[in-house]
Amino acid sequence: METVRHSEHTLKTALISENPRLVSQYEKLDAGERRLLNEAFKPDHDLFGPITLHSQSDWIISHPEAPQDFEQFFSDPYRKAPSPDKRSIYIQCIGSLGNTRIISEEYIKWLKGYCEAFFYGLTVKLLEPVPVSATRCSFRVNDNTQNLQIHAGHILKFLKKKKPEDAFCIVGITMIDLYPRDSWNFVFGQASLTDGVGIFSFARYGSDFYSSRYEGRVSKLQKGSSSDYAVFDNYYTPQVTSVLLLRSCKTLTHEIGHIFGLRHCQWLACLMQGSNHLEEADRRPLNLCPICLRKLQCAIGFNIRERYKALVRWIEDESDSPGVSTKRGREGTVDLPKPVDAFKEWKEWIIKCLAVVQK
Ligand SMILES: [Zn+2]
Ligand SMILES: [Zn+2]
């Protein structure tokens with residue numbers, strides 16, 4: 001295993017910059033916030049570790065990209081930031097997320113709550129879920145994995161048309177696998193940063209996708225049935241586990257981070273690191289490193305302490321559906337607590353950060 005180590009000077013410049021205007025902007029931040037952000041370059045810091053490389057197929061090795069420091073982010077002329085009349089993130093669910101309507105509804109509310117805490121200060125709104133047929137997208141059965149896949153570009157077109165006036169961005173989420181073009185095997189997601197539109201699939205995040213037990217395989221589509229969306233009725237969705245929720249929260253915030261103009265992070269272990277495969281995505285933390293955190297704070301204008309507190313509240317509030325009764329229909333009580341086990345370790349980490357901010 002290799003470690004990507006930067007000098008104290010490099011990290012400090014990436015965070016604060018040497019541009020006098022940005023230095024003075026940094027100095028105006030609250031002392032507690034600066035204490036936390038400075039952990040990026042403190043020699044014996046333990047809150048923000050280095051990026052580790054585990055194999056040649058890891059992102060940084062296989063996709064060399066120019067790094068983006070705070071100053072480059074700040075002065076990027078193409079970067080989109082929320083404006084006073086465009087401060088909402090819209091989430092559009094496509095097809096079912098869970099086996100039952102209740103699971104789908106709860107799951108999407110958990111994601112909404114998470115994004116609201118993560119992008120603290122913006123409003124996250126859910127659009128009424130739509131079936132795949134509503135998007136009129138092309139679809140196919142993947143020759144290798146034999147699962148149903150929908151065309152990512154067609155979904156983006158559909159979402160762009162639906163984007164409300166007050167939207168900073170609109171993101172589609174689906175449990176159906178995506179493909180970007182006929183010659184490609186699959187894609188986890190696709191976005192248009194200029195349009196503020198993205199589509200992300202969690203199909204491969206279930207515990208069974210890569211196993212022989214996977215139940216999402218279907219036989220080849222019959223001739224002429226390539227426009228019959230009935231194949232999506234009751235199509236397989238993976239069980240919503242804590243790990244699936246964690247992976248979905250991670251993907252959604254990473255991808256929305258790109259819409260804010262954050263590029264892949266090469267500074268420290270960070271949510272914004274690129275990932276080439278699931279194992280690498282799992283290794284990537286849920287949190288932003290100080291450099292990416294300053295970028296997001298600059299775009300949204302949140303208080304770092306309040307944002308961390310909101311994230312802790314989201315983890316602690318296992319129901320997360322205020323006003324929604326868990327009693328449903330005649331079957332009696334359906335108790336569906338938010339599966340937050342996988343987030344517990346992260347919560348301890350946020351509490352340590354809060355202690356630094358509040359010292
Ligand atoms: Zn990315
Ligand atoms: Zn970062």
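One-based numbering, in listed order, for ligands and for the atoms of each.
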For this session: Look at the rings of Phe232 and Tyr235 and say which category their plane angle falls in: under 30° parallel, 30 to 60° tilted, over 60° perpendicular.
Result: perpendicular

For this session: Assign the ring pair His154 / His151 to parallel, tilted or perpendicular, where the plane angle (0 to 90°) is split at 30° and 60°.
Result: parallel

Exercise. With the Zn ion (ligand 2) at the apex, how many degrees lie between SG of Cys265 and SG of Cys292, rounded to 10 degrees?
Worked result: 110°

For this session: Mind telling me whether Trp349 and Phe48 have parallel, tilted or perpendicular rings, with 30° and 60° as the class edges?
Result: perpendicular

Problem set entry | Which atom of His258 approaches the Zn ion (ligand 1) most closely (N/O/S) | NE2

For this session: For the atoms NE2 of His264 and NE2 of His254, give the angle they form at the Zn ion (ligand 1), rounded to 10 degrees.
Result: 110°

For this session: Report the relative orientation of the aromatic rings in Tyr236 and Tyr214; use parallel for angles under 30°, tilted for 30 to 60°, perpendicular for over 60°.
Result: perpendicular

Problem set entry | Opening angle at the Zn ion (ligand 2) [SG, Cys270; SG, Cys289; to 10 degrees] | 120°

